[in-house]
There are 2 protein chains.
Amino acid sequence: MISVSKENHLKAIFHLQQEKGLVTTNELAAALQTRPASVTDMLKKLKDQKLLIYERYKGFKLSGEGKKAAVQVIRKHRLWEYFLVEKLQFGWEEVHEIAEELEHISSKKLVDRLDAFLGHPETDPHGDPIPDSQGRIHSRRQVCLAELPLNREVQVTGIASQTAEMLEILQHNHIRLGTRLEIKKKFPFDESLEVKIRNRPLVTISAQVAKNVLVKDDEPLAEKR
Amino acid sequence: MISVSKENHLKAIFHLQQEKGLVTTNELAAALQTRPASVTDMLKKLKDQKLLIYERYKGFKLSGEGKKAAVQVIRKHRLWEYFLVEKLQFGWEEVHEIAEELEHISSKKLVDRLDAFLGHPETDPHGDPIPDSQGRIHSRRQVCLAELPLNREVQVTGIASQTAEMLEILQHNHIRLGTRLEIKKKFPFDESLEVKIRNRPLVTISAQVAKNVLVKDDEPLAEKR
DNA sequence: AATTAAATTTAGACAAATCTAAATTAATTT
DNA sequence: AAATTAATTTAGATTTGTCTAAATTTAATT
Ligand SMILES: [Mn+2]
Ligand SMILES: [Mn+2]
Ligand SMILES: [Mn+2]
Ligand SMILES: [Mn+2]
């Protein structure tokens, strides 16, 4: 059986190995707010269950099975977040904690029914893609605002680092998920940007903020045949 | 903290003590499908947390605190069951197991939002009352069909024992929650009943079935001033 | 009242998940 | 290459929840 703690480990490993291929013990311990020794203990158990490819001192990554399990947890997490925001009127900053619990409810049928009830949403309230029932993830061509060319209207689809301070400044500038905006001017001196938000006046944002705002071209997919 | 296992114990004790005032170790072990020795272990922990009034060999019952905690778990259980049936199209016979997990999600705000989202339902899909946010339970004047007088139209509000066999026979006779019916004839020989279901032909049901069908007078509460 | 049976608790064990402190291996610096 | 530092693992302990088997208490019978 895959316990709650194992699911949390699988999910964290999945996210960490997206960046670099292999994950290290210390990284995982930091991500899970636990101790390296505890991680090592868990790694052995996951390896025994063939969910993890792991040799001591060598780093590790999920097996095919492990990846499948992790994606199902992520699917549940994001669907529940969507439910909390869209149906129960929660703010997007308060749903993560609750979804951290809900993601461990085991019924597969429940998840699929929830998915249908919500109308098969593509992304969670933070703009992250929701894996489908078979574990496929529609990866999105997301770029960070800092890398966007001038005068190209896009939609905000994600926030990379969600600290309270970060959210505060976004709120202040009327930037949130779904906001449509384009870059009007870039200042090489400090790499700050002047941004036009649809239906709003111009605002200036710093390079630090721009790096954390993820956007996607707004083009409707079906239109292009 | 109140763990999942503790919550399950509190809830089971609450239900058992409704009938008789005091609960016994064996009873609780049977209800939870565990061993008497395990129950004793847990009783000590619950007593230490002042959730339980307990003296060894003497039986036990919930303290005020314990009752409060149990009712909150029951509230969550029944709200989630309602959600599963009304929003996710589950059958009433398949929701209990899933709610057994969902009832342990801790966020109080989540429960209250869910309650509002569902329109503050009064009873769960099995006809059992849903405690309100403050833990108040609107107790219902439920009687079993076997005790109902002739020619009094009532509404089915609960099924006492929900085995698959039981549900099959009810399904066959078109009796379900909310069904309006009245007793037309009682046969003393075997205590079977002839029942008229609103908008349907007469059916005959056995004493065994009648004992497990719970009904409530249909009178609208507000009308009586 | 003595005996037997049933219910309950205690004693001791085990698995899961975590921790601290110490040992080991790997990586980095001199 | 040797020494130092950092990362990782092992050893041993702890907590929680559960179990079996044995002991104890209470209840029921003879
Ligand atoms: Mn979690
Ligand atoms: Mn999210
Ligand atoms: Mn439960
Ligand atoms: Mn119910």
Side-chain angles (χ1 to χ4, degrees), chain A residues 1-14 16-17 19-62 66 69-70 73 100-101 103-106, chain B residues 1-14 16-17 19-62 66 69-70 73 100-101 103-106:
Chain A
M1 268 292 79
I2 304 188
S3 65
V4 166
S5 181
K6 279 176 188 162
E7 287 191 341
N8 285 334
H9 279 76
L10 292 175
K11 187 167 63 111
I13 297 168
F14 182 92
L16 289 171
Q17 77 180 25
E19 340 252 301
K20 323 142 133 230
L22 281 184
V23 184
T24 71
T25 303
N26 273 2
E27 268 171 9
L28 184 53
L32 288 171
Q33 311 229 78
T34 183
R35 297 301 178 160
S38 309
V39 166
T40 302
D41 289 341
M42 188 58 86
L43 294 179
K44 289 181 199 159
K45 294 173 199 165
L46 294 176
K47 186 189 178 182
D48 288 349
Q49 281 185 259
K50 302 197 194 304
L51 296 166
L52 193 71
I53 292 157
Y54 165 58
E55 304 260 3
R56 73 203 182 306
Y57 291 108
K58 299 281 187 180
F60 47 89
K61 63 179 179 184
L62 296 178
V73 179
E100 204 56 49
E101 286 184 55
E103 71 190 358
H104 304 290
I105 303 294
S106 57
Chain B
M1 268 294 79
I2 303 188
S3 65
V4 167
S5 181
K6 278 175 188 164
E7 286 191 341
N8 284 334
H9 279 76
L10 292 175
K11 187 167 63 112
I13 296 168
F14 182 91
L16 289 171
Q17 77 180 24
E19 340 252 301
K20 323 140 132 235
L22 282 183
V23 184
T24 71
T25 303
N26 274 0
E27 267 171 10
L28 184 52
L32 288 171
Q33 311 231 76
T34 182
R35 297 301 177 159
S38 309
V39 166
T40 302
D41 290 340
M42 189 57 86
L43 295 179
K44 289 180 199 159
K45 294 173 197 162
L46 294 175
K47 186 189 179 181
D48 288 349
Q49 281 184 261
K50 302 198 196 303
L51 297 166
L52 193 70
I53 292 158
Y54 166 58
E55 303 259 5
R56 73 204 181 306
Y57 291 108
K58 299 283 187 180
F60 47 89
K61 62 179 180 186
L62 297 177
V73 178
E100 204 56 49
E101 287 184 55
E103 71 189 358
H104 304 290
I105 303 294
S106 58

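Residue numbering restarts at 1 for every chain, and letters A, B, ... go by the order of the sequence lines.
Phosphate proximity of D/dA6 to A/N26: absent, as no side-chain N or O sits under 4.0 Å from OP1 or OP2.
In this structure B/E103 satisfies the side-chain contact (heavy atoms from CB on, under 4.5 Å) test together with B/N8, B/K11, B/V73, B/K76, B/H77, B/E100, sequence neighbours excluded. Not counting sequence neighbours, A/E7 has no partner by the salt bridge (Lys or Arg N to Asp or Glu O under 4.0 Å) test. Contacts of B/I53 classified as side-chain contact (heavy atoms from CB on, under 4.5 Å), with partners at least two apart in sequence or in another chain: B/K61, B/S63. By the side-chain contact (heavy atoms from CB on, under 4.5 Å) test, B/A31 is found to be paired with B/L16, residues two or more places apart in sequence or in another chain being considered.
What you find for B/G59 and B/L22 is that their closest heavy atoms are C-CD2, 4.4 Å.
The nearest whole Å value for the distance from the CG atom in B/L52 to the C1' atom in C/dT8 is 15 Å. Between A/E7 atom CD and C/dA16 atom C1' there is a gap of 15 Å when expressed in whole angstrom units. Rounded to whole Å, the distance from CG on A/D48 to C1' on C/dA17 is 15 Å. Summarising the geometry, the separation between CG on B/L22 and P on D/dT26 is reported as 15 Å, rounded to the nearest angstrom.
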List the atom pairs, with distances to 0.1 Å, where a side-chain N or O of residues 35-52 of chain A and a protein N or O form a donor-acceptor pair under 3.5 Å, not counting sequence neighbours.
unit_1: A/T40; atom_1: OG1; unit_2: A/P36; atom_2: O; d: 3.2
unit_1: A/K47; atom_1: NZ; unit_2: A/Y54; atom_2: O; d: 3.2
unit_1: A/Q49; atom_1: OE1; unit_2: A/K6; atom_2: NZ; d: 2.7
unit_1: A/Q49; atom_1: NE2; unit_2: A/M1; atom_2: O; d: 3.4

**OP:** At under 4.0 Å between heavy atoms, which parts of nucleotides 9-19 of chain D does protein reach? Answer with one letter per nucleotide, 5' to 3': B base, S sugar-phosphate only, - none.
**Re:** BB------BBB
